[in-house]
Undergrad: 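Right, I'll just put the structure down here and ask away after.
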Amino acid sequence: MTPDDNSALIRLNGISKHYQMGSQLVRALDGISVEIGNGDWVSFIGSSGSGKSTILNILGCLDRPTDGEYYLNGVYVEDLGPNQLAEIRNREIGFIFQSFNLLPRATALGNVMQPLVYSRIGYRRRKDMAREALRRVGLDDRVDHLPNQLSGGQRQRVAIARALVTEPSILLADEPTGNLDSRTSADIMQLFDQLHREGQTLVLVTHEEDVAGLGDRVIELLDGKIIRDRRAGEPLH
Amino acid sequence: MLYVIFESTRSALISIFAHGLRSFLTTLGIVIGVASVIAVVSLTQGMSAFIGESFSSLGSNSLTIQSYTPISEAMRGVRARVTPADLELIERRAEGVASITPILYASRTSQVRYEAQTTFSQIMGTTYAYGDVSQSYMLLGRFIAESDNLTRRRVAVIGEKVREDLALPENPVNEYVELGGEWFKIIGLLEPKGDIMGFNQDDIVLVPYATMVSLQGNQARTDIQIQLSLSEEADVEDVTRQLTALLRNAHDLGPEDDDDFVINTAEQLMETFDTIINMVTLVIGGIVSISLLVGGIGIMNIMLVSVTERTREIGICKAIGAKRHHILAQFLIEAMLLSLLGGLVGLALGYGLGTAISSSIDSFPPASIPLWAVGLALGFSGFVGVLFGILPAAKAANLDPIDALRYE
């Protein structure tokens with residue numbers, strides 16, 4: 001396997017993440033090797049402490065692994081400085097969080113426009129692109145509302161629009177339905193499904209089997225190791 | 001870069017106005033600091049402008065010659081003098097002099113009495129040329145004439161302040177006042193001139209020069225002051241040089257000796273006042289600008305709180321692609337704008353305060369703010385904002401995105 005072998009969008013090779021917590025060495029990730037192709041929908045599943053959030057942070061270039069190699073779109077990420085990582089987060093990655101993480105003082109439109117500020121796009125163009133992204137998630141009638149004037153599902157839609165607006169290579173979602181009721185969850189998952197069908201690469205982290213099961217592929221983590229990598233829909237045992 | 005500044009300004013303004021009350025309280029330190037600096041500067045500068053005007057009315061082309069004894073000489077009992085002989089010499093030899101007059105101050109007592117009223121005033125012996133030189137004009141009666149001088153008449157011209165102090169009638173001409181035990185007939189009242197730096201120019205009694213000399217008897221040799229005005233084409237520096245040479249020669253001063261007299265121009269006096277006022281402005285301004293520093297610390301404090309409060313937001317921004325300098329610029333510009341807004345409010349407030357003070361005190365000149373003070377106040381408050389914004393902004397920019405996102 002060489003880095004030039006470009007069929008995979010994401011290639012993790014022996015990724016480990018160790019923390020020193022007091023006198024104890026915590027192995028949050030321990031030798032993870034995964035390839036994710038363009039247009040895949042992959043779900044990482046595991047109980048809390050299994051390392052699924054850590055792997056999402058590493059995939060999202062928020063965190064650096066202690067050991068191992070990470071290629072994103074053929075780029076060896078470890079070589080990059082903080083500003084280049086910020087640029088990658090801006091251009092290649094769209095984050096969706098469990099608690100939405102919207103800027104409280106900005107309107108829905110303002111929130112969606114924010115990533116474009118960092119890619120130096122002019123105000124008018126930014127506004128048009130943000131409107132278009134909000135239209136894609138079905139929120140074109142709520143653009144001028146503040147986050148606290150929106151329901152949980154609507155907030156997550158704004159967050160998804162914000163993730164989509166830069167047309168990233170991958171969408172990373174950390175428990176996207178964790179704070180939503182089951183009906184809204186279903187709506188959001190349906191939106192993900194629609195995005196997937198439009199060709200968007202999706203990486204999801206969840207502990208809910210039925211959420212994970214909606215994707216192409218489910219990777220089970222336990223204590224920082226992959227214990228199973230299966231196609232969705234395959235029986236658990 | 002311009003783009004970053006523009007966008008940061010936009011978001012900083014949003015955040016400043018989102019916390020209206022807090023922003024206001026934060027900037028209060030700067031507001032008060034700038035307001036007091038501006039109030040002080042506007043008052044002193046107003047005074048300076050006023051003094052400039054007063055001196056120009058004093059006649060900018062007039063010179064005063066008076067004796068000067070250094071303290072070390074005075075301790076040895078030596079006293080420098082400017083004598084009537086010097087006056088004669090200048091009259092005969094100097095060029096470019098339009099009019100010249102001696103002034104002899106009353107040396108024993110300066111008490112003036114009218115009926116039961118007594119007052120102390122500046123009593124000066126001088127000649128008819130004084131009117132020209134000092135640009136004094138008559139309100140009533142006439143000025144001292146040459147013949148008054150020649151015959152040593154006991155007549156006096158008084159200023160408005162003296163008339164008031166002695167409770168003389170509105171028209172005091174032909175009344176008699178007592179000066180140094182002699183009765184003087186008032187022949188004229190001067191047009192009021194007003195104050196210069198607390199010195200009332202109308203508190204003055206003029207008598208003929210020769211009369212004053214005779215009043216003083218032959219006590220010691222007279223030390224007089226000479227005032228002269230220049231003819232229009234004469235150059236102040238040329239005449240000063242000429243007079244210096246004449247007097248040094250007359251006083252037998254060797255090349256090593258210092259002048260035993262000083263020649264003052266109205267301009268020099270004005271410059272002296274200006275220097276004093278600028279010094280006062282600087283000192284008070286300096287003291288007051290400490291409050292700007294305190295204000296800056298207040299801003300730093302609130303910005304630190306604001307960084308902590310917005311830790312999660314900073315994490316979000318970093319997650320969606322904000323670079324270090326985006327965050328740095330945002331907080332730095334917010335601190336600077338906060339401080340600058342305070343500076344603007346303070347500027348308006350300070351000007352208002354200065355105007356209110358100057359108009360509430362009688363005879364105080366109107367306040368005026370020079371442009372440099374405006375620039376300095378805004379520049380300094382902006383600088384304070386940047387200075388005290390750096391720490392919080394750096395703290396924000398250096399936050400680890402994961403920790404920031406986890407922050408509750």
Side-chain angles (χ1 to χ4, degrees), chain A residues 17 19 28 53-54 56-64 80-107 110-123 126 146-147 158-159 161-166 168 172 174, chain B residues 1-23 305-331 333-334 337-338 393-408:
Chain A
K17 180 76 189 181
Y19 305 96
S53 287
T54 310
L56 203 75
N57 286 338
I58 287 175
L59 285 176
C61 297
L62 284 171
D63 205 354
R64 289 169 189 270
L80 304 177
N83 276 346
Q84 286 165 306
L85 286 181
E87 218 159 280
I88 289 209
R89 286 199 292 270
N90 187 232
R91 269 185 301 136
E92 306 279 357
I93 293 160
F95 271 106
I96 296 154
F97 302 93
Q98 175 177 2
S99 46
F100 323 130
N101 278 346
L102 298 176
L103 300 173
R105 283 192 304 268
T107 59
N111 265 290
V112 179
M113 281 160 73
Q114 193 63 26
L116 301 172
V117 170
Y118 305 126
S119 36
R120 308 175 59 85
I121 290 171
Y123 181 76
R126 229 153 62 205
L146 288 171
V158 174
R162 181 178 67 185
L164 284 174
V165 75
T166 55
L172 295 178
D174 187 0
Chain B
M1 198 59 210
L2 212 67
Y3 180 85
V4 173
I5 291 173
F6 182 71
E7 291 302 332
S8 306
T9 308
R10 187 207 297 276
S11 69
L13 282 176
I14 290 172
S15 136
I16 286 171
F17 287 107
H19 297 291
L21 181 64
R22 184 212 273 190
S23 301
V305 170
S306 167
V307 167
T308 310
E309 207 180 56
R310 274 146 60 185
T311 298
R312 204 181 168 92
E313 272 176 58
I314 295 163
I316 296 168
C317 288
K318 285 198 159 186
I320 61 177
K323 292 177 186 168
R324 205 176 164 276
H325 68 259
H326 288 122
I327 306 287
L328 194 77
Q330 188 189 332
F331 281 88
I333 286 176
E334 188 171 327
L337 279 180
L338 212 54
K395 191 183 162 197
N398 290 333
L399 279 175
D400 182 66
I402 300 179
D403 292 342
L405 275 172
R406 252 187 236 134
Y407 187 84
E408 293 293 332

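By convention in this document, chain letters (A, B, ...) are assigned in the order of the sequence lines, proteins followed by strands, and residues within each chain are numbered from 1. Keep in mind the model is a prediction, meaning the values are calculated, not measured. Values below: every heavy atom of this structure, side chains too, minus hydrogens, waters and symmetry copies.
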Undergrad: Does any heavy atom of chain A fall under 4.5 Å from the side chain of B/Arg324, the backbone, both, or neither of them?
TA: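 Both backbone and side chain of B/Arg324 come within 4.5 Å of chain A.
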Undergrad: Could you work out, with ring pair (Phe, Tyr, Trp, His ring centres under 6.0 Å) as the rule, every residue matching B/Phe331, not counting sequence neighbours?
TA: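 Checked B/Phe331 against ring pair (Phe, Tyr, Trp, His ring centres under 6.0 Å); zero matches.
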Undergrad: Which residues pass the side-chain hydrogen bond (donor to acceptor under 3.5 Å, both in side chains) test with A/Asp174, sequence neighbours left out?
TA: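 A/Asp174 satisfies side-chain hydrogen bond (donor to acceptor under 3.5 Å, both in side chains) with no residue once adjacent residues are dropped.
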Undergrad: Where on A/Leu102 is there a heavy atom nearer than 4.5 Å to chain B: the side chain, the backbone, both, or neither?
TA: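 When you check distances to chain B, only backbone atoms of A/Leu102 fall under 4.5 Å.
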Undergrad: Counting C-beta onward and ignoring hydrogens, is there a side-chain heavy-atom pair between B/Glu313 and B/Ser15 closer than 4.5 Å?
TA: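 They are not in contact (no side-chain heavy atoms under 4.5 Å apart), so the answer is no.
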Undergrad: Between B/Leu405 and A/Leu62, is any pair of side-chain heavy atoms under 4.5 Å apart?
TA: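 With C-beta onward as the side chain, the pair touches.
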Undergrad: Given a strict heavy-atom distance threshold of 4.5 Å, which part of A/Pro82 is in contact with chain B: side chain, backbone, both, or neither?
TA: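 Answer is neither: A/Pro82 stays 4.5 Å or more from chain B.
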Undergrad: Using non-hydrogen atoms and a 4.5 Å limit, figure out which bit of A/Leu56 sits close to chain B: side chain, backbone, both or neither.
TA: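 Neither part.
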Undergrad: So which residue, B/Ala18, B/Ala322, B/Pro401, ends up with the most heavy-atom pairs under 4.5 Å with chain A?
TA: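 Ranked by heavy-atom pairs under 4.5 Å with chain A, first place is B/Ala322.
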Undergrad: Can you confirm whether more than 12 heavy atoms, excluding those of B/Phe6, are under 6.0 Å from its CZ atom?
TA: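 Not more than 12 within 6.0 Å, no.
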Undergrad: A/Ser99 vs B/Arg312, test: side chain to side chain donor-acceptor pair (under 3.5 Å). Steps then yes/no.
TA: CA-CA 11 Å; A/Ser99 46; B/Arg312 204 181 168 92; 2.8 Å; yes
Undergrad: Quick check for you: among A/Arg162, A/Arg91, A/Arg120, A/Glu87, which has the greatest number of heavy-atom pairs under 4.5 Å with chain B?
TA: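 With the most close heavy-atom pairs to chain B, the winner is A/Arg120.
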Undergrad: Examine whether an atom of A/Asn83 lies under 4.5 Å from a heavy atom of chain B, and if so say whether it belongs to the side chain, the backbone or both; otherwise answer neither.
TA: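 When you check distances to chain B, atoms from both the backbone and side chain of A/Asn83 fall under 4.5 Å.
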